[in-house]
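Structure incoming, see below.
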Amino acid sequence: MKTIRNWIAFVCCVLLFCSFKPAGETVTIILPKTPHGRVAFGAEKLVAALKQTGYQVTTVKQDNPSLQKRVIVISVWDDALFKATAGVFQINKQTKPGKEGFVLGAPGAAVKKKTSYAQFVGGADASGTLYGCLELADRIKTTGKLPDAITMIDQPEMVLRGACIGMQKPYYLPGRTVYEYPYTPEQFPWFYDKAHWISYLDSLVENRMNSLYLWSGHPFASLVKLKDYPYAVEVDDATFKKNEEVFRFLTKEADKRGIWVIQMFYNIIVSKPFAEKHNIKTQDRERPIVPLIADYTRKSIAAFVQKYPNVGLMVALGEAMEGVGNDDIEWFTKTIIPGVKDGLKLLGKTEEPPIVLRAHDTDAPAVMEAATPLYKNLYTEAKYNGEALTTYTPRGPWAELHRNLSRNGTVQIENVHILANLEPFRYGSADFIQKSVKAMHDVHHGNALHLYPQASFWDWPYAADSASPRLLQIERDWIWYKEWARYAWNCRRDRNQEVEYWGGLLADKFGTKQAQGKNILTAYEESGEIAPKLLRRVGITDGNRQTLTLGMFMNQLINPFRFGLFTLLYDSEGPEGEMLIEYAEKEWKKEKHIGETPVQVMNEVVAHGNKAVQAIEQATAGITKEKDEFLRIKNDMYCYRALANCFAEKSKASLWVLRYKYSRQLSDLDSALPYLRKSVEYYRELADLTKGTYRYANSMQTAQRKIPIGGDNGKNKTWVELLPFYEKELSHFERSIDSLKNPKPVAATVTKKPLLENADVTVLSEYAGNYTFAVGQMMFSDTMSVIKNYAPELANLKGYRFNKARQIAAGTTIRFSNAKPVKVLVGFFNKKGPWLLGAPELETNAAANDYGQAETKIANGVVITGFPAVNIHTYSFPAGTNTLTLAKGACMIIGFIDSDQVIKPYDAGLVPGVTKLELDWLFE
Ligand code: GTR
């Protein structure tokens, strides 16, 4: 690592002799006799840059050249051409750069006399030579002429620098569920567009990226045919042929550019026709490993490796398979690795292709421990800040996981995953990104980057803007890719020079002066602080369960635990600090605040918003190119300002409401009201700014999106749609205050919840008897724990007793028949424990809302001796015979109710020692 840095630090440019004028001048490019594809590609780019600048170019291929003319020698370390010319160019053979590195060399005195220009490009390997050519080509393009001969050595810091594309859609396909998208021209027309691929791959190589990840649930049934499972293929013959052709084309073109294609897949997912044939589900988290599926998967992987030996594999052991325990290890060591080895045998090769193990939803350190003795070429990957961008000061248990993986694997890849808090506005903070890459190295000990699109992951290749024709992500978000890639190559660059660099690029893009270019950068950097700070201080989750830019409801701010607060966000993905609820409590108790407070953040984001708008306004007058795009950036800055202001006002309102919890003074609610009104005004501004400029905020438009509000059936994805909800929230609060001030209506206090009634069901599977809701009742057949307290509306329910040890060993299954649709109430203990079943969690399981179970319906609804409090969720089932299967771990089956009995989510607050006052009714 240190050596790499030293190399990179050792970049020097020396003036040797004057440059000459391009027009009509001839330059000879000398390539090795049989150049590697990447070398030839690099040379092509260099030739193009020279020609564009007015040079005549001749290319020759020879290993022992004469250096009489104006020449550029292009070689790979230790090849014949290198050996023949390195001495002349004063290349010290001992100073070979590391992987993908290169040297640009200037000639010694003897050659200087003979030619008025000579330059040497030598790469440590073919990729290095390619990058050397690109470096020279860039300099020619920037200055309009061949530079004076330069001496330079450089190489990338991160070993893998990759971007990803989702073979996924914003919606589910009929009869299928999450991640299940066969590769077809109907779904992915762009996949078959070779020109699109070329421009994408060119943009990757221009940014010196060397890997491309394709994300899919189950790609195999679109790409390979198996003798034993011919029916598994899920595309027609013509499409299958096209897929083969495109995949081959893509991997070949990628390879030329030094890019390694990696196919990602989730487990256990099978194709739809396979599932139908065997009468099983395509994916089922609770399904144990069955020999049939293991065999099918192993053979699919083997066939894939055999067919596409140059494609890497990336594996998500989680999702569709229970996240922890031995199944993951079994699956990886007994199905996936053997599948790859079988493929190698079929190919007659022994060199292991790389396998990347994702840490998502699995115990990756344990899997690595079991897998490393079996397979050497393993990489690990984990999300940098969850599915968001929140901080460049990561810490806590999540940072420890990264370090652990880095210690135990070969290379730890830092995954900048779906940017759920940045969607859909433009993001271009070079400062934030540079600091983040430094943190990846210094705090996480990672040494590779896997970058998601900045926005609209599920809608590739399009951006969310309303513009017509639609904007392409790679064009709109060019600066996002460029910034990450530049710092993945080298993050230790001088900040002042970086400001000049980006300012220059922006000035060039918009045909303006350097000063205005820098203003645009300032706008990006000021606005670039807003979403990260907001999410890490008041957000519910780092996952795409929340779309931050759509705002948040009051109850989400004042009662975040009710909405399934994802605590990693607070203990790992931001600096130490306080949540609104903690801040309010400390204020009331007059305790000292610690770290980054919400009040501080709200002041800061308002200032960032103002500065972003000011900076973009300062740039406006000088813009001469790409005016439409500039106006869109400008609009985004106004959007960010409105968003920051809205959150700031709403947080102030929340703190007054939270104060009321302790003071019980109505005047505190009165104080909250003007702030809430103000926040709605700012939201209205946001709705106006985005009306006609954005098609949507979030690209994942399914029921998986929960915060601020469910995204079922593609609804609630624009600010215009959300505004009425926020207006309603305000008027509800106004009415609540009125009713509190006016003692007449009974509604002035919390209304009594209606009793829940048992539905008519016949339970067909075994269980250990029933219990009623009464203090002292036992709910496990093998444990003495008894009910101590429960939410009153449960009083009539008939609970189902289970054997806790069996639940822990084998999970819980309950089969039942019902004439009418029902909901099963399941209680999850609200603390994590090795033998407690975790509540459904969309952060790690995209199928966690398939039965409507993701949301806590009654938080802290039951208290049992010796256990943490119980949160109640409901699972919906249609009429018929149904099975509820829950993973391993203790939980409570609280009862069945008819589907039409509605439970309005709330916190019953049965937690000893906590100041409890139900506030949610004030707003909903
Ligand atoms: C889930 C998320 C999915 C996907 C997944 C993953 O939490 O909802 O969209 O990103 O994580 O990491 O594979």
Side-chain angles (χ1 to χ4, degrees), residues 162-172 176-181 213-219 262-269 283 285 313-324 328 356-364 380-390 398 401-402 405 413-423 450-460 535 539-548 564-566 568-569 573 698-707 710-712 717 838-850 853-855:
C164 85
I165 292 183
M167 298 291 295
Q168 325 221 357
K169 306 295 279 180
Y171 43 81
Y172 294 168
R176 294 174 185 267
T177 165
V178 67
Y179 310 134
E180 295 178 18
Y181 303 98
Y213 300 80
L214 295 178
W215 283 58
S216 160
H218 183 71
I262 302 163
Q263 177 65 63
M264 182 267 174
F265 61 101
Y266 287 93
N267 271 301
I268 301 174
I269 298 183
Q283 50 178 305
R285 193 176 174 85
L313 286 173
M314 180 185 228
V315 190
L317 284 180
E319 307 267 339
M321 182 186 233
E322 207 190 320
V324 280
D328 296 31
V356 183
L357 172 72
R358 296 190 62 210
H360 173 61
D361 193 26
T362 195
D363 181 354
T380 52
E381 179 253 33
K383 291 172 182 167
Y384 172 59
N385 292 163
E387 293 160 13
L389 186 64
T390 57
W398 194 245
L401 172 81
H402 285 247
L405 292 173
I413 305 171
E414 296 291 304
N415 175 209
V416 178
H417 202 82
I418 292 171
L419 286 307
N421 64 332
L422 305 187
E423 279 197 297
H450 174 180
L451 180 66
Y452 259 62
Q454 191 239 291
S456 298
F457 168 73
W458 305 86
D459 200 13
W460 180 267
L535 191 74
I540 299 284
T541 173
D542 68 7
N544 57 8
R545 179 160 65 93
Q546 170 165 16
T547 302
L548 178 89
L565 188 84
F566 194 65
L568 214 55
L569 178 59
E573 292 164 358
N698 51 301
S699 61
M700 187 195 69
Q701 294 156 10
T702 65
Q704 229 182 300
R705 217 284 308 299
K706 289 276 173 205
I707 313 284
D712 313 42
K717 56 179 183 284
E841 190 178 81
L842 280 164
E843 284 73 10
T844 47
N845 173 17
N849 196 39
D850 285 2
Q853 77 272 36
E855 190 178 22

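Each ligand, and each atom within it, is numbered from 1 in the order the structure gives. Atom set for the values below is all heavy atoms of this structure, side chains included, hydrogens, waters and symmetry mates excluded.
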Margin query: I need the Thr390 OG1 to Leu419 CG distance, nearest 0.5 Å.
Written below: 10.5 Å
Notebook entry, point to check: Between Gln168, His218, Lys169, Gln283, which is the residue that forms a side chain to side chain donor-acceptor pair (under 3.5 Å) with Glu180?
Noted result: Gln283
Next item on the list: Please state whether the rings of Trp215 and Tyr452 are parallel, tilted or perpendicular, taking 30° and 60° as the class boundaries.
Entry: perpendicular
Note to self: Regarding Arg285 and Asp850, does a basic nitrogen lie under 4.0 Å from an acidic carboxylate oxygen?
What the structure shows: no
Item checked: By ring-ring contact (aromatic ring centres under 6.0 Å, His included) - contacts of Phe265 (at least two apart) -> Phe220
Next item on the list: Could you pull out every protein residue that has a heavy atom closer than 4.0 Å to ligand 1, ordered by chain and then number?
Entry: Tyr179, Trp215, Tyr266, Glu319, Arg358, His360, Lys383, Glu387, His417, Ile418, Trp458, Asn544, Gln704, Leu842, Glu843, Thr844
Next item on the list: To the nearest 0.5 angstrom, please state how far the CD atom of Glu381 sits from the NE2 atom of His360.
Entry: 9.5 Å
